[in-house]
Amino acid sequence: MRILSEFVEGFDTLADLPPAVSVFGSARSKPDSPECELARQLGGALARAGYAVITGGGPGVMEAANRGANEAGGLSVGLGIELPFEQGINEWVDMGIDFRYFFARKTMFVKYAQAFVVLPGGFGTMDELFEALTLVQTGKVTRFPVVLMGSTYWSGLLDWLRGTMAVESKISPADLELMCVTDDVDEAVQHIIDADAALAAEQEALKDAAVAQAEAKSAEA
Ligand SMILES: CC(C)=CCNc1ncnc2c1ncn2[C@@H]1O[C@H](COP(=O)(O)O)[C@@H](O)[C@H]1O
């Protein structure tokens with residue numbers, strides 16, 4: 001079955017990936033656009049911080065992020081999608097997989113990334129942003145940072161989330177805290193590193209507590 005084999009191929013190929021960040025954004029942005037410039041810098045900064053960069057492998061912002069990572073000597077991953085107007089995986093991808101199904105591909109973005117960074121984009125980008133927020137909000141995945149870059153682009157949406165969605169109690173005000181908004185590449189990367197460290201400390205504390213509990217139980221016995 002094609003669907004199953006897409007999951008298997010994805011898991012097999014990505015199993016040994018180092019810590020990674022998924023970067024999303026418009027397939028239509030021109031290489032000299034501000035968002036592509038930002039994505040290229042971000043890809044480089046993430047690579048220098050030791051993260052592999054995962055994108056949809058397409059043109060525009062995806063290509064710019066892959067390019068930045070590749071130029072900085074990092075691992076540049078592209079999870080492409082077969083589309084009728086297919087352009088193929090961009091040339092800056094070192095590790096590429098082509099998917100027929102969006103949902104199998106989307107699983108990979110979440111499963112193999114420590115964080116999401118979302119740059120200006122259209123429907124595809126919104127779909128990826130809100131899927132990530134839904135998964136974190138509902139606890140279906142371990143809480144991971146979602147960074148929005150390009151504050152002017154996002155401001156109208158954020159105003160509406162704050163002023164309408166939260167005010168009408170369709171989300172809780174705390175849900176807005178799931179997103180960090182910045183135009184500064186270093187701040188974005190630092191936010192991801194800090195969240196990674198906080199999560200590692202949390203998991204270590206949980207492990208310690210479980211060990212202490214088990215020891216207390218065996219001492220009682
Ligand atoms: C020129 C053109 C439209 C090419 C499409 N080629 C694509 N290749 C790979 N991923 C894509 C493509 N189009 C949309 N996506 C997915 O949807 C997001 C971009 O969609 P959009 O342009 O924001 O809505 C990307 O993060 C990517 O994961």
Side-chain angles (χ1 to χ4, degrees), residues 1-28 39 42-43 46-47 50-70 74-119 121-148 175 178-179 192 195-196 199-200 202-203 206-207:
M1 242 164 40
R2 172 77 192 237
I3 303 176
L4 203 58
S5 74
E6 291 213 332
F7 278 102
V8 173
E9 190 195 342
F11 293 150
D12 273 356
T13 311
L14 300 172
D16 298 324
L17 208 64
V21 174
S22 290
V23 179
F24 302 102
S26 175
R28 300 164 193 239
L42 174 74
L46 286 169
Y51 291 102
V53 172
I54 307 176
T55 76
V61 168
M62 296 171 267
E63 178 165 358
N66 284 131
R67 179 173 185 175
N70 180 291
L75 182 60
S76 173
V77 182
L79 307 181
I81 183 82
E82 282 178 15
L83 295 171
F85 40 90
E86 177 66 72
Q87 303 193 340
I89 286 188
N90 73 65
E91 62 176 306
W92 302 97
V93 166
D94 309 312
M95 184 189 278
I97 311 177
D98 248 322
F99 290 85
R100 179 174 296 171
Y101 299 102
F102 266 112
F103 68 90
R105 172 179 182 261
K106 284 163 83 179
T107 303
M108 307 300 149
F109 284 127
V110 177
K111 184 168 168 58
Y112 293 100
Q114 263 67 33
F116 273 26
V117 183
V118 190
L119 288 106
F123 286 166
T125 304
M126 295 302 138
D127 175 47
E128 285 152 349
L129 167 63
F130 283 105
E131 182 186 40
L133 291 173
T134 306
L135 290 172
V136 177
Q137 182 198 45
T138 55
K140 287 290 174 192
V141 293
T142 317
R143 189 186 166 99
F144 63 81
V146 177
V147 182
L148 299 186
D175 292 331
L178 299 175
M179 289 171 283
I192 293 167
D196 239 359
L199 186 64
E202 211 174 283
Q203 285 174 340
L206 281 176
K207 213 168 71 190

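Predicted model only: the values in this text are computed from it and were never measured.
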Worksheet item: Of the non-hydrogen atoms in I3 and F103, which two are nearest, and what is the gap between them?
Response: CG2-CZ, 3.6 Å
Discussion item. Using side-chain contact (heavy atoms from CB on, under 4.5 Å), reason through V110 and L135 one step at a time and then give a plain yes or no.
Written reply: CA-CA 9 Å; V110 177; L135 290 172; 3.8 Å; yes
Worksheet item: Is it true that a side-chain atom of E63 and a backbone atom of N90 form a donor plus acceptor pair closer than 3.5 Å?
Response: no
Discussion item. Using 0.5 Å steps for rounding, measure from the CG atom of L46 to the CG atom of L75.
Written reply: 12.5 Å
Item to complete: Step by step, work out the side-chain contact (heavy atoms from CB on, under 4.5 Å) result for V117 and L42.
Response: CA-CA 9 Å; V117 183; L42 174 74; 3.6 Å; yes
Worksheet item: Just how far is it from atom CD1 of I192 to atom CZ of F144, taken to the nearest 0.5 Å?
Response: 11.0 Å
Discussion item. Testing the basics here: between P145 and Q114, what is the closest heavy-atom pair and its distance to 0.1 Å?
Written reply: CD-O, 3.4 Å
Discussion item. If we ignore hydrogens and angles and just use 3.5 Å, is the side chain of R100 paired with the main-chain N or O of R2 as donor and acceptor?
Written reply: no
Fill in: Side chain to side chain, F116 and V147, heavy atoms closer than 4.5 Å
no
Worksheet item: Are any non-hydrogen side-chain atoms of V77 and V53 less than 4.5 angstrom apart?
Response: no
Practice prompt. Please test V118 against V23 for side-chain contact (heavy atoms from CB on, under 4.5 Å), starting from the C-alpha separation and ending with a verdict.
Written response: CA-CA 6 Å; V118 190; V23 179; over 6 Å; no
Discussion item. I'd like to know if the side chain of S76 reaches the main chain of N66, judged simply by a donor and an acceptor atom lying under 3.5 Å from each other, with no hydrogens or angles considered.
Written reply: yes
Item to complete: Drop me the distance from T125's OG1 to L148's CG, to the nearest 0.5 angstrom.
Response: 11.0 Å
Discussion item. Please determine whether side chain to side chain donor-acceptor pair (under 3.5 Å) holds for the pair Q137 and D175, giving the CA-CA distance in whole Å, both sets of side-chain angles, and the decisive distance to 0.1 Å.
Written reply: CA-CA 7 Å; Q137 182 198 45; D175 292 331; 2.9 Å; yes
Response to the item:
Note: G121 and M126 closest approach over all heavy atoms is O-CE, 3.6 Å
Worksheet item: Can you find a pair of side-chain heavy atoms, one from L79 and one from L14, that are under 4.5 Å apart?
Response: yes
Worksheet item: In Å, rounded to the nearest 0.5 Å, how long is the span from CZ of F99 to CZ of F7?
Response: 8.5 Å
Item to complete: Write down the atom of A113, the atom of S22, and the distance for their closest heavy-atom approach.
Response: CB-OG, 3.4 Å
Discussion item. Would you compute the distance between atom CZ of F24 and atom CZ of F109 and round it to the nearest 0.5 angstrom?
Written reply: 5.0 Å
Discussion item. Would you compute the distance between atom CZ of R67 and atom OG1 of T55 and round it to the nearest 0.5 angstrom?
Written reply: 14.0 Å
Item to complete: Salt-bridge test for E131 and K140: reply yes if a basic N is under 4.0 Å from a carboxylate O, no otherwise.
Response: no
Worksheet entry | Where D98 and E82 come nearest, the two heavy atoms and their spacing | OD1-N, 4.4 Å
Practice prompt. Answer whether the closest heavy-atom distance between the side chains of L17 and M95 falls below 4.5 Å.
Written response: yes
Practice prompt. Starting from the C-alpha separation in whole Å, work towards a yes-or-no answer on side-chain contact (heavy atoms from CB on, under 4.5 Å) for L178 and R143.
Written response: CA-CA 9 Å; L178 299 175; R143 189 186 166 99; 3.5 Å; yes
Worksheet entry | Closest approach of A132 to V146 (non-hydrogen atoms, all atoms of both residues) | CB-CG2, 4.4 Å
